[in-house]
Amino acid sequence: MKKLLFLFFIFSSFYSHSQNSDKPNVLIITTGGTIASKTNAPLVEGNELIQAIPELTQYANIEVEEFVRVGSSKMTPAIWLSMLKRIRTSIEERSDLKCIIITHGTDTMEETAFFLNLTHLSAIPIIMVGSMRSSNEISADGPANLLNAIRVGTSPEAVGKGVLVVLNENISAARDLLKTHNRRVDAFKSTERGFLGLVDPEKVVFYRSPKNIHTDRSEFDIYDLDSLPVVDVIKDFAGLDGDILDYFLNRTNQGLVVSSFAGGRVSNGIMPIFDLPASHKPIVISSSIKGGRIMGANPNGTPVVIANDLPANKARILLMLALTKSNNPEEIQLIFNKY
Ligand code: ASP
């Protein structure tokens, strides 16, 4: 814990000392992850990470700020919240910022991107970027990904598309991003909705815009909160013991997500949630199957909400935010239908 608090100290410095007014101003916030790693060595400090790629300054005047330096499996809602506040302060301090780039580990890239997509109430683009290979591996992918992230963030078309993730020359919407491989550089897909666009050496190409509400149209103004509601995820499996459900229902959480079988079907151990009153803390059912959505409506008179096509990790984030607005399952269902 002490170590984590230490890492919250913010180191900031201008990397492109000679600001060129022809080039856009970009803030890079670093948070650690493989993109900041060397095999068998501690994670690299933010400035050092960026200075190792001098080509970046061809595209922008760059300011670097290290926010945390962690493997992203150690990300937490507390870090998300304080990073969101820091982003807002940066925008207020620097009205000339064209975009913000966040370097991040790939393990929880989907979660941080979705969280910011719903809570960064600004049209200034946030582009998240990581890598699958460490910086000292042959054919490291971090430098090209970072360069592409800057090209996307400074492209006029990035405005209004929400938080974007750039990896392996693909542009994903935060809501649709899906990590699908443990190791390969093409680990990230974009659900069945497909990528938003791609980054060619010649130009940045967008094919479509995200449909769900995000960023400057989102209702989740949480800048004044000190913490976020606690939501747990319970993974269903064949023969799940009802004691496990009881444990999660009795924990001090404000909501629960069940990662269910296909179509929202659940084991007998989970079935008692359908007998709970609507006044019980909300329980969202999210399918663990990556394709398609859960059909039908949320059952009336119960606390159950349907996640549609949102996977459990993102359903948890949306429920955390929805709980800042309402405890009512019908109202929370409307939120899930919009975002
Ligand atoms: N260890 C890494 C992380 O921080 C994995 C990665 O970045 O690809 O998530």
Side-chain angles (χ1 to χ4, degrees), residues 1 3-8 10-11 28-50 52-53 56 64-84 86 100-117 126-150 152-153 163-172 174-191 195 199 233 290 311-314 316-317:
M1 187 62 192
K3 198 172 162 199
L4 192 62
L5 286 177
F6 169 75
L7 288 171
F8 263 115
I10 290 166
F11 307 84
I28 303 184
I29 295 177
T30 67
T31 70
T34 293
I35 192 165
S37 78
K38 290 191 171 134
T39 20
N40 302 323
L43 290 176
V44 171
E45 192 269 320
N47 271 302
E48 195 184 329
L49 164 67
I50 303 307
I53 317 166
L56 300 180
V64 185
E65 181 169 309
E66 176 167 274
F67 188 69
V68 286
R69 201 186 309 163
V70 293
S72 74
S73 53
K74 307 298 181 287
M75 270 293 154
T76 64
I79 299 178
W80 289 337
L81 192 54
S82 74
M83 181 155 59
L84 174 73
R86 182 63 207 162
I100 294 179
I101 310 288
I102 301 178
T103 63
H104 196 284
T106 62
D107 290 341
T108 54
M109 181 82 89
E110 294 164 38
E111 295 180 52
T112 305
F114 189 52
F115 172 78
L116 293 174
N117 195 50
I126 291 182
I127 317 296
M128 297 195 56
V129 61
S131 75
M132 293 300 291
R133 294 184 182 145
S134 303
S135 60
N136 59 346
E137 280 184 73
I138 300 279
S139 299
D141 51 335
N145 286 347
L146 200 37
L147 196 79
N148 286 339
I150 290 179
V152 171
V163 173
L164 303 175
V165 181
V166 173
L167 281 142
N168 200 36
E169 299 186 348
N170 294 308
I171 309 168
S172 295
R175 189 187 188 280
D176 305 336
L177 185 75
L178 206 57
K179 186 170 179 179
T180 65
H181 202 280
N182 282 290
R183 205 188 58 78
R184 291 192 186 145
V185 293
D186 66 345
F188 282 86
K189 301 286 183 271
S190 203
T191 68
F195 294 115
V199 195
V233 178
K290 300 303 179 198
N313 57 355
K314 290 180 188 157
R316 169 179 173 252
I317 289 168

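These values consider heavy atoms only, across backbone and side chains, with no hydrogens, waters or symmetry-generated copies. In each ligand, atom 1 is the first atom listed, and ligand 1 is the first ligand listed.
- Salt-bridge annotation for D107 and K74: absent, with no side-chain N of the basic residue lying under 4.0 Å from a carboxylate O of the acidic one.
- Counting the atoms of ligand 1 from 1 in the order shown, those under 4.0 Å from a heavy atom of D107 are 1 (N), 2 (C), 3 (C), 5 (C), 9 (O).
- The closest side-chain donor-acceptor pair between T30 and T103, if any, does not fall under 3.5 angstrom.
- A distance of 9.5 Å separates CD1 of I102 from CE of M109, quoted to the nearest 0.5 Å.
- Contacts with ligand 1 closer than 4.0 Å are made by no heavy atom of S37, backbone or side chain.
- Those atoms of ligand 1 with a heavy atom of S131 less than 4.0 angstrom away are 6 (C), 7 (O), 8 (O).
- Short contacts between ligand 1 and G71, defined as distances under 4.0 Å to a heavy atom of the residue, involve ligand atoms 4 (O).
- Side-chain N or O atoms of E110 include one that pairs as donor or acceptor with a backbone N or O of K179 at under 3.5 Å.
- Distance check, rounded to the nearest 0.5 Å: CD1 of I126 to CG of L84 gives 7.5 Å.
- No side-chain donor-acceptor contact under 3.5 Å links N170 to the backbone of K189.
- In this structure, atom 9 (O) of ligand 1 lies nearest to the protein heavy atom S72 OG, 2.6 Å.
- Within ligand 1, counting atoms from 1 as listed, the ones closer than 4.0 Å to a heavy atom of G105 are 3 (C), 4 (O), 7 (O), 9 (O).
- Each of the following atoms of ligand 1 lies closer than 4.0 Å to a heavy atom of T34: 1 (N), 2 (C), 5 (C), 6 (C), 7 (O), 8 (O).
- With hydrogens left out, the protein atom closest to atom 8 (O) of ligand 1 is T106 OG1, 2.4 Å, a heavy atom.
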